[in-house]
Amino acid sequence: MKIRKAVIPVAGLGTRFLPATKTVPKELLPIVDIPSIQYVVQEAVEAGIQEIIFVTGRGKDAIEDHFDEAPELEQILADRGHKEMVAMLRRIAEMTEVVSVRQKKPLGLGHAVLCARDLVGDEPFAVMLADDLIDAETPCIRQLVDIFTETQESVIALLEVPLEEVNQYGVIKGKELKSGLYQIEATVEKPAAKDAPSRMAIIGRYVLRPEIFAILQNLPAGRGGEIQLTDGLSRLVQERKIFGCEFLGDRYDIGDKFGFVRATVAYALKRPDLKDKVAEYLKILNR
Ligand code: G1P
């Protein structure tokens with residue numbers, strides 16, 4: 001079966017980025033001039049995904065508006081002769097189908113995914129976390145979709161992290177089948193370094209079989225009193241295989257302030273209109 005839908009949880013309050021996020025959803029904070037969520041949606045589109053399901057919360061309507069038509073704005077820009085800007089806005093509005101569902105209470109990532117159950121239906125789907133920005137030649141979610149296409153089993157993105165950082169991630173126990181491809185045996189959410197089964201961390205890209213929903217439905221609260229997707233995976237792996245993909249690409253944790261700055265600099269250095277100026281400025285700062 002094909003992966004047609006991606007669930008993107010965006011209900012989080014973004015408290016780490018207050019006061020910016022007092023009125024602006026953190027997913028719309030721009031990496032230079034492009035809201036970070038647009039990169040994530042673009043990644044899904046490039047993997048052939050046709051429908052984005054946002055799991056939203058109060059005050060997050062502007063995210064959907066970003067992917068909607070903006071006729072008044074387009075008209076004003078057209079009157080002023082800004083054809084390219086109009087075309088750019090049209091591309092964003094036509095990029096993909098967007099639907100949304102509310103997560104009324106902050107009960108965790110597993111619960112957020114469960115909220116999308118009716119919209120996903122009985123088919124495999126992607127989950128993409130907007131705090132993980134991944135710059136890759138082959139979009140990260142496409143790398144996972146390719147493994148799913150071959151195996152028809154769930155696939156999660158993996159990254160080796162330093163031991164002192166394992167407590168910030170879901171961590172796997174598994175065996176490497178071939179370079180970069182793992183078979184998952186268990187997953188544990190944010191273990192202490194001494195308890196971590198490995199240094200292979202789960203990054204926010206998943207392709208999941210629909211069996212995960214029944215598991216999440218009956219899952220007790222885990223770490224932090226929240227329903228954890230990682231705990232759901234640990235149960236799913238007892239029913240069906242899950243593969244881990246050590247993806248190729250650079251990942252930025254933009255839920256973290258320094259990660260956000262790193263992403264901003266790295267993305268600016270890739271832009272033809274900015275790279276020379278930014279590179280020159282970094283040199284001056286270094287002197
Ligand atoms: C979530 C997941 C965690 C995963 C991480 C990836 O944690 O619960 O398993 O490793 O995303 O970014 P969060 O960063 O939302 O606390």
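Remember, it's 1-based here, ligands and their atoms both numbered in the order they're listed. Throughout, residue positions are numbered sequentially from 1 according to the sequence presented.
Proximity to G170 (heavy-atom distance under 4.0 Å) selects the following atoms of ligand 1: 3 (C), 4 (C), 9 (O), 10 (O). Of all atoms in ligand 1, numbered sequentially from 1 with element shown, those under 4.0 Å from a heavy atom of G204 are 6 (C). Per-residue contacts place T230 under 4.0 angstrom from the following atoms of ligand 1 (heavy atoms of the residue considered): 9 (O).
Salt bridge present: E153 and R240 bring a charged side-chain N and a carboxylate O closer than 4.0 Å. Salt bridge status for D131 with K26: present, with a side-chain N to carboxylate O gap under 4.0 Å.
Between F125 and F213, the ring center distance clears the sub-6.0 Å criterion. With ring centers used as reference points, F260 lies under 6.0 Å from F17.
Heavy atoms of A201 come nearer than 4.0 angstrom to ligand 1 in no pair at all. Look at L229 and you'll find every heavy atom at least 4.0 Å from all atoms of ligand 1. Using 4.0 Å as the threshold, R251 has a heavy atom nearer than that to some atom of ligand 1.
For atom 7 (O) of ligand 1, a protein heavy-atom neighbour is found at a distance under 4.0 Å.
The residue from E97, E51, E123, Q50 that alone fulfils the side chain to side chain donor-acceptor pair (under 3.5 Å) condition with R4 is E123.
Nearest non-hydrogen protein atom to atom 16 (O) of ligand 1 is K190 NZ, 2.6 Å. For atom 9 (O) of ligand 1, the closest non-hydrogen atom of the protein is E189 OE1, 2.7 Å. At the shortest separation from atom 12 (O) of ligand 1 among protein heavy atoms lies D132 OD2, 2.8 Å. Scanning all protein heavy atoms for the shortest distance to atom 10 (O) of ligand 1 gives I202 O, 2.5 Å.
Two residues are said to be in side-chain contact when any heavy atoms from C-beta on lie closer than 4.5 Å; V113 and V55 fail this criterion.
Remark: the Q143 side chain and the T138 side chain contain no N/O donor-acceptor pair separated by less than 3.5 Å.
Scanning all heavy atoms of the two residues, the minimum distance from A116 to V7 falls at CB-CG2, 3.8 Å. Of all heavy-atom pairs spanning L233 and I242, the tightest one is O-CD1, 3.4 Å.
The shortest N/O to N/O separation between Y169 and ligand 1 does not fall below 3.5 Å.
If you look at L129 next to ligand 1, the close heavy atoms, those under 4.0 Å, all belong to the side chain.
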